[in-house]
Amino acid sequence: MVIDSLFYQRISFPVWERTRVGDRKPCHKVRNPKLLVKDSAMTPLEMNNQTDVTEFIFLGFSNHPKLQSLFFLFFLLIYLTTLLGNMLIITATRISPALHTPMYYFLSNLSFLDICYTSTTIPVMLVNFFREKKTISYEGCLSQIFFLVTCAGTECVLLAAMAYDRYVAICHPLQYPVLMRVKVCIFLVAGSWLCGLVNSVTHTVLAATLTLCGPNQISHFLCDIPLLLKLSCSDTSLNESVLHVASATIGLSPCLFTGVSYILIISSILRIPSAQGRSKAFSTCASHLTVVVVFYGTANFNYDRPREGYSLDMDILVSVLFCVMTPMLNP
């Protein structure tokens with residue numbers, strides 16, 4: 001499973017613009033890569049005079065106009081629960097001296113990351129529930145992509161760092177104070193954010209260079225790189241190549257590292273002779289294992305399932321599981 005493909009799968013071929021019957025030509029490049037739309041009611045001559053559009057229209061939840069108020073209350077409750085739960089974790093780890101350990105240091109950073117994650121998408125979605133036309137500006141869309149990709153990439157690397165912490169704690173307990181000293185923990189967290197930021201900047205800049213063709217409608221409740229690539233009528237080969245590289249470095253590598261770490265952890269726990277000892281050892285990594293299962297499980301269900309045969313409602317549902325529910329369920 002390639003986790004960095006969270007935002008980057010299912011890239012469609014370039015869209016072509018018809019100027020007259022039998023002729024095709026790609027959309028023209030523009031200096032400011034806004035969305036180019038074509039009015040089907042316009043004549044072929046008028047279609048050549050393309051207009052720059054500075055916003056996208058979200059189609060997510062548009063199939064249920066009478067349930068907008070209910071959706072608003074549901075997602076507002078989720079958002080407040082996510083904020084409250086994660087802020088309590090951060091506060092507890094700062095106040096209680098007993099929680100000043102590497103494991104809770106990583107967990108508090110994960111809580112902060114989840115707050116950033118949900119704050120990138122849910123507030124915009126909540127506002128759009130009261131709008132007849134659910135829109136986001138071009139710049140706002142790119143900003144949302146930047147923060148989403150940053151949070152996703154950072155969480156992948158941070159989960160791998162947390163797996164290393166649990167591996168050292170269980171498999172090399174005598175060396176734990178040395179291997180997981182304060183400077184090492186800070187380095188691992190800072191490295192996680194750096195990897196996420198570099199990955200996000202790269203993909204956001206490449207997305208900003210795309211020439212986009214209409215319609216300016218996004219079949220989702222958030223902006224995502226695959227959705228922009230579907231609107232692109234310019235060459236996306238560079239974007240795809242960078243995505244493959246990022247998938248291996250930011251996505252697959254941390255996933256494999258986390259998996260191997262837990263194989264070693266579980267094998268070490270099973271060698272403990274007493275049941276009480278096994279239970280105590282497993283309890284030290286239960287919270288992180290829960291986070292790993294929730295994150296990778298929902299990510300796999302959201303992005304590795306076949307697209308054919310799924311309605312807009314199903315696409316929205318599985319995206320809600322990954323982008324909205326996962327940050328709330330993280331311990």
Side-chain angles (χ1 to χ4, degrees), residues 6-17 25-42 46-62 75 116-153 196-240 242-243 246 312 315-316 319 323-324:
L6 301 176
F7 300 96
Y8 315 127
Q9 291 185 350
R10 303 170 186 91
I11 301 171
S12 62
F13 292 99
V15 179
W16 295 83
E17 166 196 7
K25 68 175 184 178
C27 295
H28 299 291
K29 191 80 174 181
V30 291
R31 290 185 179 181
N32 189 13
K34 307 300 184 187
L35 182 68
L36 304 176
V37 297
K38 302 181 286 296
D39 189 348
S40 59
M42 298 173 66
E46 292 172 329
M47 289 174 64
N48 290 329
N49 298 324
Q50 297 169 328
T51 304
D52 290 342
V53 176
T54 59
E55 64 181 19
F56 296 94
I57 300 174
F58 288 134
L59 300 182
F61 305 104
S62 60
F75 287 107
C116 297
Y117 210 161
T118 54
S119 298
T120 301
T121 57
I122 295 184
V124 176
M125 181 170 55
L126 292 176
V127 172
N128 280 333
F129 281 133
F130 292 100
R131 291 179 176 176
E132 183 177 353
K133 186 178 181 182
K134 309 178 191 305
T135 61
I136 188 172
S137 66
Y138 176 84
E139 292 77 10
C141 185
L142 288 181
S143 298
Q144 192 175 73
I145 288 175
F146 170 78
F147 288 109
L148 281 174
V149 177
T150 298
C151 292
L197 284 171
V198 172
N199 180 53
S200 181
V201 168
T202 302
H203 295 303
T204 305
V205 170
L206 289 176
T209 62
L210 293 173
T211 301
L212 305 176
C213 296
N216 63 331
Q217 297 177 341
I218 296 179
S219 299
H220 219 291
F221 61 86
L222 53 79
C223 285
D224 204 350
I225 287 182
L227 300 174
L228 291 187
L229 293 177
K230 288 181 179 180
L231 299 176
S232 175
C233 55
S234 58
D235 184 19
T236 60
S237 59
L238 177 60
N239 300 68
E240 296 178 39
V242 173
L243 292 178
L312 174 61
D315 288 336
I316 296 300
S319 296
C323 300
V324 178

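Computed over heavy atoms, backbone and side chain alike; hydrogens, waters and symmetry mates excluded. Throughout, residue positions are numbered sequentially from 1 according to the sequence presented.
Crowding of Phe129 atom CZ: a count of heavy atoms from other residues, nucleotides or ligands under 6.0 Å exceeding 12.
Heavy-atom minimum distance, Leu142 versus Ala208: CD1-CB, 3.9 Å. Across all non-hydrogen atoms, the minimal contact from Leu126 to Phe75 is CD2-CB, 3.9 Å. Heavy atoms only, all atoms of each residue included: Thr120 and Gln144 are closest at O-NE2, 3.2 Å.
Remark: Ser119 engages Tyr79 in a side chain to side chain donor-acceptor pair (under 3.5 Å) (not counting sequence neighbours). Cys141 is linked by a disulfide (SG to SG under 2.5 Å) to Cys223, counting only residues two or more places apart in sequence or in another chain.
When atom types are taken as modelled, the side chain of Lys134 and the backbone of Asn128 share a donor-acceptor pair closer than 3.5 angstrom. Side-chain N or O atoms of Thr204 include one that pairs as donor or acceptor with a backbone N or O of Ser200 at under 3.5 Å.
Using a 4.5 Å heavy-atom threshold, the side chains of Leu222 and Met125 count as separate. In this structure, the side chains of Phe146 and Leu197 come closer than 4.5 Å at one or more pairs of heavy atoms.
Rounded to the nearest 0.5 angstrom, Leu148 CG and Cys116 SG are separated by 11.0 Å. To the nearest 0.5 angstrom, Phe58 atom CZ is 4.0 Å from Ile136 atom CD1.
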